[in-house]
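Encoded as structure tokens, the structure appears first; notes follow it.
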Amino acid sequence: MKVLVLNSGSSSQKSSLYEIGETVADDPPAFLWEGKIEWHGDIAEAEVKNSRGTVQRSSVQVLSRAEAVEHLLSTLWQDKTRAVASAAEIDVVGHRVVHGGPNYDAPVLVTPEVKAEIAKAAHFAPLHNRAELDGMELVEKLLGPVPQVAVFDTAFHRKMPQAATVYPGPYRWFESGIHRYGFHGVSHQYCAARAAQLLRRDLDSLKVVTCHLGNGCSLAAIHESHSIDTTMGFTPLEGLMMGTRSGSIDPGILTYLIRQGHLRPQEMDDVLNQESGLLGISGISGDMREILASMKQGHARAKLAFDIYVHRLRAAIGAMVAGLGGMDALVFTAGVGENSAEVRDAVCQKLDFLGLKLNATANVQRAPDADIAASDSAVRVLTIRAQEEWAIARECWHLMRRSLRWTPRIPA
Ligand code: AMP
């Protein structure tokens, strides 16, 4: 089965093509084709790779998102990077959908009704959900009536208990959809399953805390294969300090700033989402690599940004462990989680009261996917490469098999 995955951002589009046979491999396979396009104004920059090692970079003028994405997808069946003879070879297209609203707890085949629900949830996540709907329409135009699957980032958290879901404001908030949805679910779910596989344990028997630390950051507490708590909430702004997002702050700051007439809603949105976090404190960058480099040169505010990041991360891990009543495995994933030995070391140092001990050499040297805990650690510590596109492809395969929408092609 050839599965095309679309991961739409507000001004970027990532996409991958995988081939899955009769069974799904345990280890993530190599992609057949992978591409990314980013646009600023009317110029889009694309980078595309295929499994033969061909890499092609291009810069094109575009008038819309649709034109940019069309350019990216055309390299699947054209040019040096071509990975299929024609669009008709693609069996299914999976979409990462950031907000599934209150109803979806699993991937679904895209139908007009599903699109209407995604459009309804768009008022919670306007930039993302609209981009994803655009992607579905473009696939219909370019690939015709191919089955499409929506895989929701909120779905994995839908079984969280109400105590973790409902905000302690007036109950009518909850009734009108203002509650904790959680995000990065595709990544948390994949990491928990992968951790169980690497540890040769049944996920149902494990208590796992997954730390997705990328540009956006969130934790999930996983018990009996379900998310029972997470740090992001109604929006992806709650919880941990992030690259340019503040994470949780006292809501009284906002009402204070409104009363003082300092900030209007759009400005507040910009400050909290784009001018806070590592960037806001350091004044240098939201990229952890630059924070670490500046710290080494003695930059005091870069050091403060790092310290706040670690302090809040450690505190949030503590809260997840308390909710779980223990922890068998702590997983680090995404850009910072996979790559920053400094962050992992600083966070884990004070978790020794749980019997957690890092293997200092493995922490620095071993690339994901790896167990970097000391052999006598009471908690396993794992680095796992984020594989959201592969996780979505796998969900598509399962759904197609279950719904009998696909049988293997018999070789001629
Ligand atoms: P992601 O959203 O998973 O692509 O993560 C992107 C972020 O990962 C970047 O903004 C960096 O802050 C961080 N990152 C990537 N590589 C490294 C590294 N080698 N060390 C520390 N942070 C890194």
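Counting starts at 1 for both ligands and their atoms, following the listed order. Here the structure is a predicted model, which means the values were calculated and not measured.
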For this session: Pull out every atom of ligand 1 sitting under 4.0 Å from any heavy atom of G214, numbered as shown with elements.
Result: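 Going through ligand 1 atom by atom, the ones under 4.0 Å from G214 are 1 (P), 2 (O), 3 (O), 5 (O).
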
Return the closest protein heavy atom for [atom] as residue, atom name and distance.
atom                    : value
atom 19 (N) of ligand 1 : N339 CB, 3.3 Å
atom 21 (C) of ligand 1 : R289 CG, 3.7 Å
atom 11 (C) of ligand 1 : D287 OD1, 3.1 Å

Exercise. Within the structure, does N215 bring an N/O atom to less than 3.5 angstrom of an N/O atom in ligand 1?
Worked result: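 It does: an N or O of N215 is found under 3.5 Å from an N or O of ligand 1.
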
Exercise. Does atom 4 (O) of ligand 1 have a protein non-hydrogen atom under 4.0 Å from it?
Worked result: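 Protein heavy atoms within 4.0 Å of atom 4 (O) of ligand 1 - there are none.
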
Exercise. Between the candidates H184, E388, H212, M288, which shows the shortest non-hydrogen contact distance to atom 22 (N) of ligand 1?
Worked result: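 Answer by nearest heavy atom: M288.
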
For this session: Identify which of G335, A334, G286, S187 has a heavy atom lying nearest to atom 8 (O) of ligand 1.
Result: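 The nearest heavy atom belongs to G335.
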
For this session: Assert yes or no for the condition that the ring centre distance of F234 to F124 is strictly below 6.0 Å.
Result: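 Aromatic pair counts; centres sit under 6.0 Å.
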
Problem set entry | Test of ring centre spacing under 6.0 Å for Y181 and H99 |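 Ring centroids of Y181 and H99 are less than 6.0 Å from each other.
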
Exercise. Do you know the tightest heavy-atom contact between L109 and P147?
Worked result: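 For L109 versus P147, the nearest heavy atoms are CD2-CB, 4.1 Å.
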
For this session: Decide, yes or no, whether a salt bridge links R180 with E238 under the criterion of side-chain N to carboxylate O below 4.0 Å.
Result: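 Yes, this pair counts.
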
Exercise. Under a 4.0 Å N-O cut-off, is there an ion pair linking E132 with R130?
Worked result: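 Salt bridge flag = no for R130 with E132.
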
Problem set entry | Greater than 12 external heavy atoms within 6.0 Å of Y167's OH |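 Enclosed.
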
